[in-house]
Amino acid sequence: MTIQIQKSFESNGKTGSLYLVGTPIGNLEDITYRAVRTLSEADIIAAEDTRQTRKLLTHFEISPSKLFSYHEHNKAASGPELIRYIIEGKNLALVSDAGLPAISDPGSDLVRLAVEQRIPVIPIPGANAALSALIVSGLPTERFQFLGFLPRESKERNSLLKLLQDEQGTLLFYESPHRVEKTLTAMQQAWGDRQVVLARELTKRHEEMIRGTIRECLFWLEEHPPLGEYCIVVSGEEQSKVKERQDAWWQALSVEEHVAYYETEESCSRKEAMKKAAGDRGISKRDIYKHLLEDGKEEG
């Protein structure tokens, strides 16, 4: 393993740098002074949608002539070409359509290529829709998880939601107006009727936050057809319910069956399986061993 250390955002003079520039998520005033300066000084600006970015550049009187298209459908070819430009000494600014690049967009692939080539990768912080929705949601912020867009296929989506059932931190998602009702319905079926916030048009004139239970929000959407992209903020599971579910599954098992479950289903060693079973039951591993001895399942 080779450790790579990037101590400074200054170029080494031989290669350029990759700047990840945050852009407005709705209001043009979301952008920072540093972001405008970076875009002005960059040799190349790689954009997911050049038409959208051209409007932004024009507003801030930045030449659109250095725009380069980089998106999901051309990243395999465009990525290496952009990296070559940086290696030749050019500074490249990467932007997404809105917010921070490399989050739920192909920018993360370009960052990976840059890191592999030891190119300095420099964040230019800015607005982010998910975090903006989180801080106004009224739901806990000390622990949260960002999931982006859920899978489109029902089987994959339901499988992921099931895995998240016991997550106690607040959950953050992105969703399109065409799928938000389907997504909320799937969440309700998987988790029950949790507290949720639907945030749309963030930082724009018609910014709107809809707070309530999943069921209440679904009723709201029936009367008010979804418009615009949504950030969905969902409360995590209650600790008591998580413990109740965790305690329930093994109740009908004997000690031997409990230990055997961890050996077969989770490929644990006998020793580790006994330790896990003891943890579930709130007893010591010695007590588990004693039970197995009494049942004749362990040698003395």
Return yes if some donor-acceptor pair links the side-chain N/O of His59 with the main-chain N/O of Lys55 below 3.5 Å, else return no.
no

Does some side-chain heavy atom of Asn27 sit less than 4.5 Å from a side-chain heavy atom of Pro24?
no

For Glu257 and Tyr261, which I'm curious about, is there any donor-acceptor pair between the side chains at under 3.5 Å?
no

To the nearest 0.5 Å, how far apart are CG in Asp49 and CG in Asp105?
12.0 Å

Are Ile86 and Val95 connected into the same hydrophobic cluster when the rule is that any two of I, L, V, M, F, W, Y join if their side-chain heavy atoms are below 4.5 Å apart?
no

d(Lys276 NZ, Ser269 OG) to nearest 0.5 Å is 10.0 Å

Write down the atom of Thr15, the atom of Pro120, and the distance for their closest heavy-atom approach.
OG1-CD, 4.3 Å

With clusters defined by side-chain heavy atoms of hydrophobic residues (ILVMFWY) lying less than 4.5 Å apart, directly or transitively, does Leu160 cluster with Phe173?
yes

Would you find a donor on one side and an acceptor on the other, under 3.5 Å apart, between the side chain of Asp43 and the backbone of Asn91?
yes

When you measure from the side chain of Lys66 to the backbone of Ser40, do you find a donor-acceptor pair of N or O atoms at a distance under 3.5 Å?
yes

Looking only at side chains, do Asp280 and Tyr262 share a donor and an acceptor under 3.5 Å apart?
yes

Distance-only donor-acceptor check, side chains Ser154 and Asn158, under 3.5 Å
no

If the test is side chain to side chain contact (heavy atoms under 4.5 Å, CB included), which one of Ile122, Leu92, Leu94 qualifies with Tyr19?
Ile122

Tell me whether Glu88 is salt-bridged to Arg84, with the criterion being a basic N under 4.0 Å from an acidic carboxylate O.
yes

Taking atom CG of Leu131 and atom CG of Leu202, what is their separation to the nearest 0.5 Å?
11.0 Å

Roughly how far apart are Lys75 NZ and Ser69 OG, rounded to 0.5 Å?
13.5 Å

By side chain to side chain donor-acceptor pair (under 3.5 Å) - contacts of Glu156 (at least two apart)
none

Check this for me, if you would: do Arg152 and Glu175 make a salt bridge, where the nitrogen-to-carboxylate-oxygen distance has to be below 4.0 angstrom?
no

To the nearest 0.5 Å, what is the distance between CZ (Arg54) and CD1 (Ile45)?
10.5 Å

By ring pair (Phe, Tyr, Trp, His ring centres under 6.0 Å), which residues pair with Phe146, not counting sequence neighbours?
Tyr174

Quick one: CG on Leu134 to CG on Leu172, what's the gap to the nearest 0.5 Å?
5.0 Å

Sidechain N-carboxylate O distance under 4.0 Å for Glu263, Arg270:
yes

Do Arg211 and Val136 have side chains that get closer than 4.5 Å, going by heavy atoms?
yes

With a 4.0 Å cut-off on N to O distance, would you call Arg112 and Glu116 a salt bridge?
no

Taking salt bridge (charged side-chain N to carboxylate O under 4.0 Å, His left out) as the cut-off, I'd like each qualifying pair that reaches into residues 128-143, sequence neighbours left out, listed once.
Arg143-Glu167

